[in-house]
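Right, one structure below, let's go through it.
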Amino acid sequence: MANTATIVGLQWGDEGKGKIIDALAAQAKMVVRFQGGGNAGHTVVVEGVKHVFHLVPTGILYPGVQCVIGNGAVVDLLALQAEIDGIRAQGISLEGLKISDKAHVVFPYHQALDEAREKLRQGKQKIGTTKRGIGPCYADKAARTGIRVADLYRPERFADRLRRALDEKNAVLHHLFGAPPLEFEPIHAAYLAAAEALEPYVTDCSTLVLDALDEGQEILFEGAQGVMLDIDHGTYPYVTSSNASTAGVAVGAGVPPAAVQQVLGIAKAYTTRVGAGPFPSELHGEPGERLRELGHEYGATTGRPRRCGWLDLVQLRYAIRLTGTTGIVLTKLDTLAGYGPIQVVTGYRKDGLDLAAPPAQEADWDGIELVTETLAEIPEGFDYAGCKDYAQLPQAARDYVEFVEAKLATPVVMVSTGPQRSALIQRGKPVFAV
Ligand code: GDP
Ligand code: IMO
Ligand code: MG
């Protein structure tokens with residue numbers, strides 16, 4: 001019998017998914033990344049040591065947990081190799097790592113195109129991508145011009161596909177963007193060498209995960225990004241290029257949809273977004289900067305300052321319904337302590353009408369009026385990170401959690417109160433029956 005939990009970001013990414021996956025991985029046999037690539041940055045803090053995972057699944061700190069990079073992810077083999085080297089240098093074993101032979105490979109021309117396109121976009125058209133080549137790689141996948149991990153182990157096929165890809169990309173880079181062309185030989189040699197080094201990890205991951213499902217093993221599906229960055233359901237075109245919502249699990253891990261059972265939606269106690277695009281509850285100026293400093297809100301992948309704002313229940317309700325979230329994990333509650341009275345967005349109004357859900361069209365986000373409620377300040381001076389018992393939290397902190405839970409009609413099953421692995425309060429039943 002299957003025994004799975006899916007972890008998805010309910011906002012615009014960086015909700016603290018890494019921390020929660022790490023905490024749950026102690027009970028899991030397998031962690032599977034099903035979409036995204038090196039654009040992700042999942043932070044884990046254990047005994048004062050900070051780890052940031054980009055491509056390697058956030059379970060690698062536990063020996064014996066299989067860490068699967070699924071077919072739905074896009075993998076820059078050079079970046080993965082560098083990440084692996086960094087992890088190994090910390091004395092952490094990579095024995096559990098598995099890379100899908102069907103995952104698409106990110107090449108330097110994808111990064112060059114990502115960068116060139118961003119450069120050409122003017123003002124509000126800029127997406128603010130991570131420049132990791134994610135969009136162009138998924139575009140090649142859909143256009144059937146991509147190169148998959150398995151292709152690298154058939155040298156003639158690889159050379160042929162790489163040559164053809166470079167002919168096309170160089171023409172575009174040169175003629176359309178005025179960017180320098182890329183040479184075949186160095187890319188070919190570097191990726192072949194990386195493929196050779198990574199070969200022990202490469203396998204048919206779908207079969208691996210299906211077998212684990214059949215055996216009833218505890219499996220975590222690790223989402224990257226968040227619902228509002230989902231290519232179909234996010235704030236298009238200010239999104240990433242994969243399905244960051246729960247629906248991405250089946251396709252990207254190679255399992256039937258029924259393998260998705262409990263869904264833990266991770267939401268920060270406020271909202272952040274890195275990159276451009278609609279963000280109705282954003283706090284501008286000093287109030288936003290203060291929240292950024294309190295929460296150390298700087299991107300784990302690019303170091304960019306994150307835009308900060310209030311919790312947005314219209315956006316969250318949409319994300320919860322779309323993902324089938326069965327339990328919310330509210331993170332960074334400690335960050336709000338001492339900020340002052342807290343506002344929460346409870347409604348959107350446009351042209352005198354209530355909006356039930358975020359609009360689909362970019363232009364329709366303009367002119368949204370926010371309906372807000374103000375909640376009491378969460379006090380400073382309490383040891384939030386050391387608190388293990390929900391009932392011990394200050395009244396205002398509990399009121400905030402319960403307000404969110406009631407408004408969203410979904411239980412808050414865990415509350416995270418610090419970056420450390422241990423700073424986590426369990427409210428609901430344990431995720432895996434033990
Ligand atoms: P992810 O991409 O969803 O895994 O999130 P990131 O790692 O990009 O960003 C979350 C940041 O918040 C990281 O620096 C975490 O160490 C930190 N963090 C996670 N949970 C908490 C929490 O409950 N309180 C505080 N103060 N920091 C947290
Ligand atoms: P994790 O998994 C936050 C954002 C980028 C940009 C948009 C498109 O750590 O939550 P891309 O490089 O994917 O083409 O960029 O998506 N973005 C993220 N924002 N957290 C992430 O991942 C993100 N991955 C991409 O900033 O706005
Ligand atoms: Mg992140």
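Keep in mind that this is a model prediction, so the values were computed, not measured. Order of appearance sets the numbers: ligands from 1, and atoms from 1 within every ligand.
- Side-chain contact between P280 and V345: absent, with no pair of heavy atoms (C-beta onward) separated by less than 4.5 Å.
- Contacts between H42 and ligand 2, counted as non-hydrogen atom pairs separated by less than 4.0 Å, involve the side chain only.
- Counted by atom type alone, D14 and Y298 present zero donor-acceptor pairs between their side chains at under 3.5 Å.
- Those atoms of ligand 2 with a heavy atom of L229 less than 4.0 angstrom away are 4 (C), 16 (O), 17 (N), 18 (C), 19 (N).
- With T4 as the fixed residue, the side-chain contact (heavy atoms from CB on, under 4.5 Å) test singles out one of Q261, M30, Q217, E218: Q261.
- The nearest heavy-atom contact from the protein to atom 20 (N) of ligand 2 is D14 OD1, 3.1 Å.
- If you number the atoms of ligand 2 from 1 as listed, the ones under 4.0 Å from a heavy atom of R304 come out as 5 (C), 26 (O).
- Note: no N/O pair closer than 3.5 Å links K131 and ligand 2 by distance alone.
- Listed by number with element, the atoms of ligand 2 under 4.0 angstrom from any heavy atom of G128 are 5 (C), 6 (C), 26 (O), 27 (O).
- Closest protein heavy atom to atom 13 (O) of ligand 2: T240 OG1, 2.6 Å.
- Using a 30° and 60° split on the angle between ring planes, F107 and Y109 fall in the parallel class, below 30°.
- For the residues Q225, E15, H54, the heavy atom positioned nearest atom 24 (N) of ligand 2 is part of Q225.
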Check each N or O atom of ligand 1 against all protein N or O atoms and list the pairs under 3.5 Å, with atom names and distances to 0.1 Å, one per line.
{"from": "ligand 1", "atom 1": "2 (O)", "to": "D14", "atom 2": "OD1", "distance (Å)": "3.3"}
{"from": "ligand 1", "atom 1": "2 (O)", "to": "G41", "atom 2": "O", "distance (Å)": "2.8"}
{"from": "ligand 1", "atom 1": "3 (O)", "to": "E15", "atom 2": "N", "distance (Å)": "3.1"}
{"from": "ligand 1", "atom 1": "3 (O)", "to": "G16", "atom 2": "N", "distance (Å)": "2.9"}
{"from": "ligand 1", "atom 1": "3 (O)", "to": "K17", "atom 2": "N", "distance (Å)": "2.8"}
{"from": "ligand 1", "atom 1": "3 (O)", "to": "K17", "atom 2": "NZ", "distance (Å)": "2.9"}
{"from": "ligand 1", "atom 1": "4 (O)", "to": "K17", "atom 2": "N", "distance (Å)": "3.3"}
{"from": "ligand 1", "atom 1": "4 (O)", "to": "G18", "atom 2": "N", "distance (Å)": "2.8"}
{"from": "ligand 1", "atom 1": "5 (O)", "to": "G16", "atom 2": "N", "distance (Å)": "3.3"}
{"from": "ligand 1", "atom 1": "7 (O)", "to": "T43", "atom 2": "N", "distance (Å)": "2.9"}
{"from": "ligand 1", "atom 1": "7 (O)", "to": "T43", "atom 2": "OG1", "distance (Å)": "2.6"}
{"from": "ligand 1", "atom 1": "8 (O)", "to": "D14", "atom 2": "OD1", "distance (Å)": "2.9"}
{"from": "ligand 1", "atom 1": "8 (O)", "to": "G41", "atom 2": "O", "distance (Å)": "2.9"}
{"from": "ligand 1", "atom 1": "8 (O)", "to": "R306", "atom 2": "NH2", "distance (Å)": "3.1"}
{"from": "ligand 1", "atom 1": "12 (O)", "to": "K332", "atom 2": "NZ", "distance (Å)": "3.1"}
{"from": "ligand 1", "atom 1": "23 (O)", "to": "K332", "atom 2": "N", "distance (Å)": "3.0"}
{"from": "ligand 1", "atom 1": "23 (O)", "to": "S416", "atom 2": "O", "distance (Å)": "3.1"}
{"from": "ligand 1", "atom 1": "23 (O)", "to": "S416", "atom 2": "OG", "distance (Å)": "2.5"}
{"from": "ligand 1", "atom 1": "23 (O)", "to": "T417", "atom 2": "N", "distance (Å)": "3.4"}
{"from": "ligand 1", "atom 1": "23 (O)", "to": "G418", "atom 2": "N", "distance (Å)": "3.1"}
{"from": "ligand 1", "atom 1": "23 (O)", "to": "G418", "atom 2": "O", "distance (Å)": "3.4"}
{"from": "ligand 1", "atom 1": "24 (N)", "to": "D334", "atom 2": "OD1", "distance (Å)": "2.8"}
{"from": "ligand 1", "atom 1": "24 (N)", "to": "D334", "atom 2": "OD2", "distance (Å)": "3.4"}
{"from": "ligand 1", "atom 1": "24 (N)", "to": "G418", "atom 2": "N", "distance (Å)": "3.2"}
{"from": "ligand 1", "atom 1": "26 (N)", "to": "D334", "atom 2": "OD2", "distance (Å)": "2.7"}

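- In summary, the side chains of Y400 and Q395 do not present any donor paired with an acceptor at a separation below 3.5 Å, with no hydrogens or angles considered.
- Side-chain atoms of E168 and T145 form no donor-acceptor pair, as typed in the model, at a separation below 3.5 Å.
- When ring centroids are compared, Y339 and W310 come within the 6.0 Å threshold.
- The angle subtended at the Mg ion (ligand 3) by OD1 of D14 and O of G41 is 170°, given to the nearest 10°.
- For a threshold of 3.5 Å applied to N or O pairs, the pair formed by G41 and ligand 2 contains at least one separation below that value.
- A salt bridge links R121 with E118: at least one charged nitrogen is closer than 4.0 Å to a carboxylate oxygen.
- Between R290 and E286 a salt bridge is recorded (basic side-chain N to carboxylate O distance below 4.0 Å).
- A salt bridge between E297 and K268 is present, with a side-chain N of the basic residue lying under 4.0 Å from a carboxylate O of the acidic one.
- The protein heavy-atom contact nearest to atom 27 (O) of ligand 2 is V274 O, 3.2 Å.
- Residue S241 has no nitrogen or oxygen atom sitting less than 3.5 Å from a nitrogen or oxygen atom of ligand 2, judged on distance alone.
- With a 4.0 Å cut-off on non-hydrogen atoms, T301 does not touch ligand 2 at all.
- Every atom of ligand 2 is numbered from 1 in the order shown, and the set under 4.0 Å from a heavy atom of A224 is 2 (O).
- A269 and K332 get closest at one heavy-atom pair: CB-O, 4.0 Å.
- Of the N and O atoms on the side chains of R304 and T302, at least one donor lies less than 3.5 Å from an acceptor on the other residue.
- Residue-level proximity to ligand 2 for R273 is absent, since no heavy atom of it falls below 4.0 angstrom.
- Ranking protein heavy atoms by distance to atom 12 (O) of ligand 2, first place goes to T130 OG1, 2.6 Å.
- Nearest to atom 15 (O) of ligand 2 among the protein's heavy atoms is T129 CA, 3.4 Å.
- The distance from ligand 2 to the heavy atoms of K17 drops below 4.0 Å at these ligand atoms: 1 (P), 2 (O), 10 (O).
- Aromatic ring pairs are classed by plane angle as parallel below 30°, tilted from 30° to 60° and perpendicular above 60°; the pair F34 and F221 is perpendicular.
- Judged by the 6.0 Å distance and 45° axis criteria, R273 is not positioned over the aromatic ring of F279.
- With respect to F53, the side-chain contact (heavy atoms from CB on, under 4.5 Å) criterion is satisfied by exactly one of D22, I21, I60: I60.
- Residue contacts with ligand 2 leave out G226, since none of its heavy atoms falls under 4.0 Å from the ligand.
- When non-hydrogen atoms are compared, ligand 2 lies under 4.0 Å from the backbone of W12 (N, CA, C, O) but not from its side chain.
- Remark: R161 does not engage D140 in a salt bridge, criterion side-chain N to carboxylate O under 4.0 Å.
- Atom numbering of ligand 2 starts at 1 in the shown order; those under 4.0 Å from a heavy atom of G275 are 27 (O).
- Under a 3.5 Å cut-off, the side chain of Y238 and the backbone N or O of M228 do not form any donor-acceptor pair.
- Interface atoms of ligand 2 facing V239, defined by a heavy-atom separation under 4.0 Å, are 7 (C), 8 (C).
- Metal site remark for the Mg ion (ligand 3): G13 contributes no N, O or S atom at a distance under 2.8 Å.
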